[in-house]
Amino acid sequence: MISTDICIIGAGPVGLFAVFEAGLLKMRCHLIDALPQVGGQLSEIYPQKPIYDIPGYPAIKAQELVDNLMEQIAPFHPTFTLGERVESLDQQADDSFVVTTNDGTSVHCQVVVIAGGLGCFEPRKPDILNLERFEGKGVSYMVKNPEQFRDRRVVLAGGGDSALDWTIFLADIAKEVTLVHRSDSFRGAPDSAGKVVELAQKGRINLALQSTITSISGNGHLQEVSITAKDKTVLNLPTDHLIPLFGLTPRLGPIADWGLTIDKSAINVDTTDYSTNIERIYAIGDINTYPGKLKLILCGFHEAALMCQSAFNYVYPNQKLSFKYTTVNGVPAF
Amino acid sequence: MIQFTIEDRDGVRQHLEIPEGINLSLMEVLKASDYNILATCGGMALCATCHVQVLDGADALPSMRDAELDMLDTLPDADSDSRLACQIRVDETLEGAVFRIRG
Ligand SMILES: Cc1cc2nc3c(=O)[nH]c(=O)nc-3n(C[C@H](O)[C@H](O)[C@H](O)COP(=O)(O)OP(=O)(O)OC[C@H]3O[C@@H](n4cnc5c(N)ncnc54)[C@H](O)[C@@H]3O)c2cc1C
Ligand code: FES
């Protein structure tokens, strides 16, 4: 089991900055995020957009801000569990917590900080009967390990950049690749769209355009997908894997079931330290709410600083905290 | 006044009457009318959580720009009658239209 002082749920900008504020007070952090990368909304929704309201940066691209935050917290050696969703929190006899993910990773900590933003980013799923029954048995919504598809038959669905990129990538690895797309043209990056069409012309992949997947079947593991074209013709295609790639959308998810006071999908907090109704659990950033709340990165950073001053009391119950500027001590790495 | 109809996720229809010249998007009007839509990206055609289906009156609406088409292309449940509410200005082109909230 991973052991740390603070377990931060959500590696968006606010969760990341909390590592810095915790580090200044010599508290160690482990971060968990359902996404395979850090950065939350900034990396997932708008990596290339400029942000204009970060103090000291007249303009900074969202991904650049995330990269800078990672550099800023590096001296404190945070640890990460990425691509896993936190499912449950269990309070121990000594009041500490064990946080557990959907993949069974457990983290023991003194304090839990929920920096879950809008909730978990989850895949948009097409409306196909029995789809969920085959999840992990042939159906996956992201490509974590491309080697898994070596010499297998793969069907991808979608028309955006990730569908195009993975089609091109898997063309070299898989035995057979079929891309199913609702429209008859691709609006992803023109370069990738061109490559996909070229691969199809060379017979290295199959393209099913103006088509959707209407049903899937198999005996324990996925074996066949039915693809229906606009002209209603149906193709039953034997396959080992189906990868629907329709992007991600945030959902509050398991956080709603932890006994926290929730108001319109956000956690109520006390603004003196951003604590929740459960002792040792804090909520900072977009996930919390209080009178006057603004969902801004800047506000989340402020909340992270105040939260850490309060969390210190649980991590070091016998020590008195005295406030110091970073200009006095620098960044006391550990 | 511009009049159009909204069908929510439960199939319940409500007629909305919006004064002309208010310069709001359909997404903003839906939020202001307390419909349960996320509109995560605030109207930048980046999140598709404002997805609506135009059940009636699609032809009168201004055509889609690239950003809207790109985003709709990534949705599993988009169809030829899909639009992003944040990309539709509320003006006379909406008169009599019927929208179903998908999001
Ligand atoms: C298009 C757009 C433009 C924006 N522009 C600006 C701007 O200019 N200035 C500004 O200040 N703000 C802006 N924002 C808002 C800003 O992005 C948010 O305020 C900020 O991302 C909040 O950070 P966060 O760390 O609280 O949450 P998020 O960035 O949402 O990160 C939360 C993370 O928690 C993870 N998570 C949630 N639940 C779980 C769970 N159970 N298990 C594991 N992981 C979980 C999610 O996967 C996610 O990665 C913009 C937002 C958008 C969408
Ligand atoms: S509000 Fe995000 S796409 Fe419309």
Side-chain angles (χ1 to χ4, degrees), chain A residues 40-42 44-51 62 117-119 121-128 131 141 156-165 180-190 193 209-210 212-214 230 242-252 264-266 286 295-296, chain B residues 7-11 25-55 58-59 61-88 100-103:
Chain A
Q41 292 171 54
L42 283 70
E44 187 53 41
I45 305 181
Y46 62 112
Q48 295 310 321
K49 293 246 169 233
I51 305 172
L118 303 166
F121 280 93
E122 290 183 359
R124 290 198 191 97
K125 299 180 185 179
D127 192 12
I128 302 172
L131 186 73
Y141 303 99
L156 298 109
D161 284 324
S162 49
L164 294 173
D165 292 348
V180 183
H181 180 39
R182 188 180 54 239
S183 159
D184 57 0
S185 61
F186 293 102
R187 304 196 50 82
L209 298 178
Q210 297 214 319
T212 49
I213 295 172
T214 38
K230 267 215 173 104
L242 168 63
I243 315 175
L245 291 170
F246 295 107
L248 302 170
T249 193
R251 306 231 180 278
L252 190 58
K264 288 197 188 121
S265 303
D286 279 12
K295 288 189 180 183
L296 286 176
Chain B
E7 185 179 303
D8 68 15
R9 290 184 182 82
D10 301 324
S25 70
L26 177 60
M27 176 275 275
E28 288 162 329
V29 168
L30 292 176
K31 283 216 129 195
S33 312
D34 280 335
Y35 279 102
N36 174 20
I37 59 165
L38 271 176
T40 308
C41 76
M44 299 170 82
L46 286 174
C47 69
T49 55
C50 65
H51 178 195
V52 292
Q53 216 178 331
V54 192
L55 300 182
D59 293 344
L61 298 176
S63 52
M64 291 188 236
R65 281 180 294 170
D66 278 355
E68 186 176 358
L69 281 163
D70 288 353
M71 191 67 232
L72 287 172
D73 227 10
T74 67
L75 293 189
D77 54 350
D79 222 321
S80 51
D81 56 1
S82 287
R83 294 292 306 250
L84 297 178
C86 68
Q87 302 300 301
I88 299 175
R100 177 187 290 157
I101 295 177
R102 298 291 294 268

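By convention in this document, chain letters (A, B, ...) are assigned in the order of the sequence lines, proteins followed by strands, and residues within each chain are numbered from 1. Excluded from the calculations below are hydrogen atoms, water molecules and symmetry mates; all remaining heavy atoms, backbone and side chain alike, are included. Only a predicted model underlies this, so the values are computations on that prediction, with no experimental measurement involved.
- Taking A/Thr212, A/Ile213, A/Leu248, A/Ile45 one by one and counting their heavy-atom pairs under 4.5 Å with chain B, the maximum is reached by A/Ile45.
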Inset, instruction - Determine, stepwise, if the pair A/Phe186 / A/His181 fulfils side chain to side chain contact (heavy atoms under 4.5 Å, CB included). - result: CA-CA 8 Å; A/Phe186 293 102; A/His181 180 39; 3.5 Å; yes
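- Judged by distance alone, the side chain of B/Asp8 and the main-chain N or O of B/Asp10 form a donor-acceptor pair under 3.5 Å.
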Run the side chain to side chain contact (heavy atoms under 4.5 Å, CB included) check on B/Ile37 and B/Arg9 step by step: do they pass?
CA-CA 10 Å; B/Ile37 59 165; B/Arg9 290 184 182 82; 4.2 Å; yes
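- Contact of A/Pro244 with chain B is not made at all, since no heavy-atom distance falls under 4.5 Å.
- The most heavy-atom pairs under 4.5 Å with chain A, out of B/Thr49, B/Leu69, B/Thr74, B/Asp73, come from B/Asp73.
- Listed for the B/Arg102 side chain is no donor-acceptor partner under 3.5 Å among the backbone atoms of B/His51.
- For chain A, the option among B/Thr40, B/Asp77, B/Leu38 with the highest count of heavy-atom pairs below 4.5 Å is B/Thr40.
- Scored by the salt bridge (charged side-chain N to carboxylate O under 4.0 Å, His left out) test, B/Glu68 finds B/Arg83 as partners (sequence neighbours excluded).
- The part of A/Leu118 that comes within reach of chain B is its side chain, from C-beta onward, which places non-hydrogen atoms under 4.5 angstrom from that chain.
- The salt bridge (charged side-chain N to carboxylate O under 4.0 Å, His left out) search around A/Lys295 returns none, not counting sequence neighbours.
- Side chain of B/Gln87 to main chain of B/Gly43: a donor-acceptor pair is present (N/O by atom type, distance under 3.5 Å, no hydrogens or angles).
- With sequence neighbours left out, the side-chain contact (heavy atoms from CB on, under 4.5 Å) criterion links B/Ser80 to no other residue.
- Close approach to chain A, defined as a heavy atom under 4.5 Å from one of its heavy atoms, is seen in no residue of residues 25-32 of chain B.
- A heavy-atom distance below 4.5 Å is found between the side chains of A/Arg124 and B/Leu75.
- Only the side chain of A/Arg182 has a heavy atom closer than 4.5 Å to any heavy atom of chain B.
- Of the atoms belonging to B/Asn36, not a single heavy atom falls under 4.5 Å from chain A.
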